[in-house]
Amino acid sequence: MPRAFYARPTVVAALDLLGKVLAHETPEGVAAGKIVEVEAYLETDPASHAFRGKTQRTKILWGKPGFAYVYLNYGMYYCLNIATEKSGVAGCVLIRAIEPVTGLPLMQARRKTTNLLNLTSGPGKVTQALGITVEQYGADMTRGNLVVFGSEENSEIVVTTRIGLSKAEKAPLRFFLKGNRFVSHPNRATRFFEGSLEEVRERLQLELETIR
DNA sequence: GTCCTGATCCTCT
DNA sequence: GAGGATCAGGACG
């Protein structure tokens, strides 16, 4: 997807990322999957790494959109985010789950499991399966080896709270494809509402006025 | 299925 | 020096 795709409000970009294909090419081969679950992190959001202001690690979130923000979580798992919003505004989308499309044997080898449903159903699993590490920090995702490209699919979207936050966060900023078996923790979070892309976007627009 | 724990290390205070 | 945007595996029902 082009830079302009990411240079939009984080929630809008996050919703549009659902159904797109995330691909990573390495010397080992290509691994790719359809994005089925994401979370939005906003500048004015206590749960966002951007909330406490720019640091060496997080300054990229204020930079140009479409670049990868990768960080090590809990000392052992990497999380992949894509920077959003125009330059000067922080925001990113966390890729939480994909549905395997290409490079299944490679992903299974990296994950050390053949169980399809356990391959990419979580942010740490996605990066492991695709071979994404801190090396991809700052990668331009509008071109190169780590990219997102379009697909036609359009299904119902479910809106919930985000997963695993210690700070009490009740914002409707996690989105996933309804009924998709590759979503992580389908029932753990508080469910707000669901609907088509258009319906969800409209309803969130109302909610967002109180968030932003 | 649910709940709980341990692993492990970078980042910011 | 504390605290994570997590995961796997075990206990238990």
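Just the heavy atoms: all of them, side chains too, but no hydrogens, waters or symmetry mates, feed the values below. In what follows, every chain begins at residue 1, and chains take the letters A, B, ... in the order their sequences are listed.
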Q. Roughly, in whole Å, what's the span from CZ in A/Arg57 to C1' in B/dC12?
A. 8 Å
Q.
From the set C/dG4, C/dT6, B/dC12, return the single nucleotide nearest to any side-chain atom of A/Ser166.
A. C/dG4
Q. Once each nucleotide of nucleotides 8-13 of chain C is scored for protein heavy atoms under 4.0 Å, what B/S/- sequence comes out, 5' to 3'?
A. S-----
Q) How long is the line joining CD of A/Glu39 and P of C/dT6, in whole Å? A) 7 Å
Q. Taking only side-chain nitrogens and oxygens of A/Arg96, does any of them come within less than 4.0 Å of OP1 or OP2 of C/dT6?
A. yes
Q: Calculate the interatomic distance between A/Met76 atom CE and B/dC9 atom C1'; express it in whole Å.
A: 8 Å
Q: Identify whether the distance between the nearest side-chain nitrogen and carboxylate oxygen of A/Arg162 and A/Glu39 falls below 4.0 Å.
A: no
Q.
Just to be sure I understand the rule, does A/Leu72 reach a base, reach only the sugar-phosphate, or reach nothing, if contact means heavy atoms closer than 4.0 Å?
A. sugar-phosphate
Q: Round to a whole Å and report the spacing from CD1 of A/Ile163 to C1' of C/dA5.
A: 10 Å
**Q.** Secondary-structure notation, DNA chain C, from Watson-Crick and G-U pairs under 3.5 angstrom (| other strand)
**A.** ||||.|||||||.
**Q.** Length of the CZ-P vector between A/Arg52 and B/dT13, whole Å
**A.** 7 Å
Q) OH of A/Tyr69 versus C1' of B/dC10: gap in Å, rounded? A) 11 Å
Q | Centroid under 5.5 Å and tilt under 30°, A/Tyr41 to C/dA5 | A | yes
Q | Partners passing side chain to side chain donor-acceptor pair (under 3.5 Å) against A/Lys54 (at least two apart in sequence or in another chain) | A | none
